[in-house]
Amino acid sequence: MLSVEEARQRMLNTIPVLPSEKRRILACTGHVLAEPLHAAENIPPFDNSAMDGFAVRAADTKGATQETPSVLSVVETIAAGYAPTKQVTTGQASRIMTGAMMPDGADAVVMQEVTQQAADKVKIFESVEETENVRFTGESVKQGQRVIENGKYLRPPEISMLAALNCANISVHRRPTVAIVSTGDELTPLGEPLEPGKIRDSNRYGLYAQVEEAGGIPIDMGIAPDDEAETERIFRTALAKADALVTSGGVSVGEHDVVKTVLAKLGEINFWRVAMKPGKPQAYGIADGKPIFGLPGNPVSSLVVFELFVRPALLKMAGHTELFRPTFKATLAEAITNRDGRVNYMRAILKVSAGEITAQTTGPQGSGILHSLVLANGLITIPTSTTLQAGAEVDAQFLF
Ligand code: AMP
Ligand code: MG
């Protein structure tokens, strides 16, 4: 059996990064930058005032106090968006607004709150140093500077920066389209009555949501029956439509597990037994350069295997360089025994208080007990064949 790390690394090594495309800036949220961004302009593009106040020569305010103000002549008012028309010379000031261009001759701004203007004179009650309250050309970003690296996920600050640098069309990685198929004769779509022996198809919906949450574009391909020919037809159609295929069920050792046979026909598929609980049997491979994930049918296994394997793969396809959720240490609130030779990914409630994180499992942890994930906000990793006491440290990660 492969360890989770081994299986995941082998899988990730084969995952293609999708090519880039140009998108309009407002369609770039949720995408990853495909080439580094170099600044074509300075930010700010000119020296400007950080305050509403008066642009002055700092030397003219030396020694100014409430009792002995400096009195300067106001030569003009400069609003944001307009260029100054007058120079400031000794004994002079220009009324200036936040973001307005600094006039020649002035080297500082006195904030309005420590001044008093009457007609074309202003009293200054506090001295300023040279450069005070001035924002200089290029102090935020210098022309030519490498501002954002390729591989960076475009969050709102990056989008704002792209706009600040006049980038209307941006080269980003394509987000993967992911076809999702549930398999099993027992599955009933929502809205139809449950006949004896049948259950609801929940995996397809959970996987759909997981694909979206991972930044992929899900394509719902419905339910495949436990019939080889029909399953093959559906899988092939699905694969033709998408960058990746995710199936659930049918990869175990049951008589009606036709998925394995069909997947083996589609491409280079490994049938892996990964040393993890939930989710031992799973299939992974590539067909026509497209990743295929055969997830186990049990609802918890399907969700957890997606989280640990498919999510990082989709992130890689979309150009991300950070593929995993951060892990940290949590303190167990209860004793836990794992008799298994497989690492147990237990569903847990992680609580942060006073700088410490505690973990409490969410009750029965069977791989069919979906509620164990509904109640959880994280996963904790219980190593193989071990008993941990309450107070012991475990690896943990927040989910979703
Ligand atoms: P399988 O791997 O196909 O043998 O399925 C394992 C278990 O998961 C069985 O109890 C199935 O009924 C259940 N199962 C399979 N697919 C789904 C699904 N899409 N939604 C809910 N349960 C499923
Ligand atoms: Mg099945």
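As the structure is a prediction and not an experimental result, all values here were calculated from the model. Numbering starts at 1 and runs along the sequence shown.
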Notebook entry, point to check: Among Val110, Thr98, Asp52, Val109, which one satisfies side-chain contact (heavy atoms from CB on, under 4.5 Å) with Asn133?
Noted result: Val109

Notebook entry, point to check: With Ser301, which of Pro281, Ser252, Ser248, Ser367 fulfils side-chain contact (heavy atoms from CB on, under 4.5 Å)?
Noted result: Ser367

Between [X] and [Y] (salt bridge meaning N to carboxylate O under 4.0 Å), is one present in this structure?
X      : Y      : result
Glu21  : Arg23  : yes
Glu213 : Arg325 : yes
Glu158 : Arg155 : yes
Glu230 : Arg233 : yes
Arg204 : Asp201 : yes
Lys290 : Asp288 : no
Arg175 : Asp243 : no
Glu232 : Lys265 : yes
Arg57  : Asp107 : no

Notebook entry, point to check: Are Ile292 and Leu314 grouped together when hydrophobic residues (ILVMFWY) are joined by side-chain heavy atoms under 4.5 angstrom apart?
Noted result: no

Check: Would you say Leu370 and Met346 are hydrophobically clustered, going by side-chain heavy atoms of ILVMFWY under 4.5 Å?
Finding: no

Next item on the list: Answer yes if the side chains of Asp47 and Thr137 hold a donor-acceptor pair under 3.5 Å, and no otherwise.
Entry: yes

Next item on the list: State, without any angle test, whether Thr387 and Thr337 hold a side-chain donor-acceptor pair at a distance under 3.5 Å.
Entry: yes

Check: Would a distance-only check, ignoring hydrogens and angles, find a side-chain to backbone donor-acceptor pair under 3.5 Å from Arg95 to Ile78?
Finding: no

Note to self: Main chain of Val304, side chain of Glu307: is a donor-acceptor contact present, judged purely on distance under 3.5 Å?
What the structure shows: no

Check: What are the two closest non-hydrogen atoms of Thr188 and Pro193, and how far apart are they?
Finding: CG2-O, 3.8 Å

Item checked: Least distance between heavy atoms, Leu72 atom then Gln92 atom -> CD1-O, 3.9 Å

Checklist line | Ring centroid separation Phe398 to Phe328 under 6.0 Å | finding: yes

Note to self: So for atom CD, which belongs to Glu126, do other residues, nucleotides or ligands contribute more than 12 heavy atoms lying within a distance under 6.0 Å?
What the structure shows: no

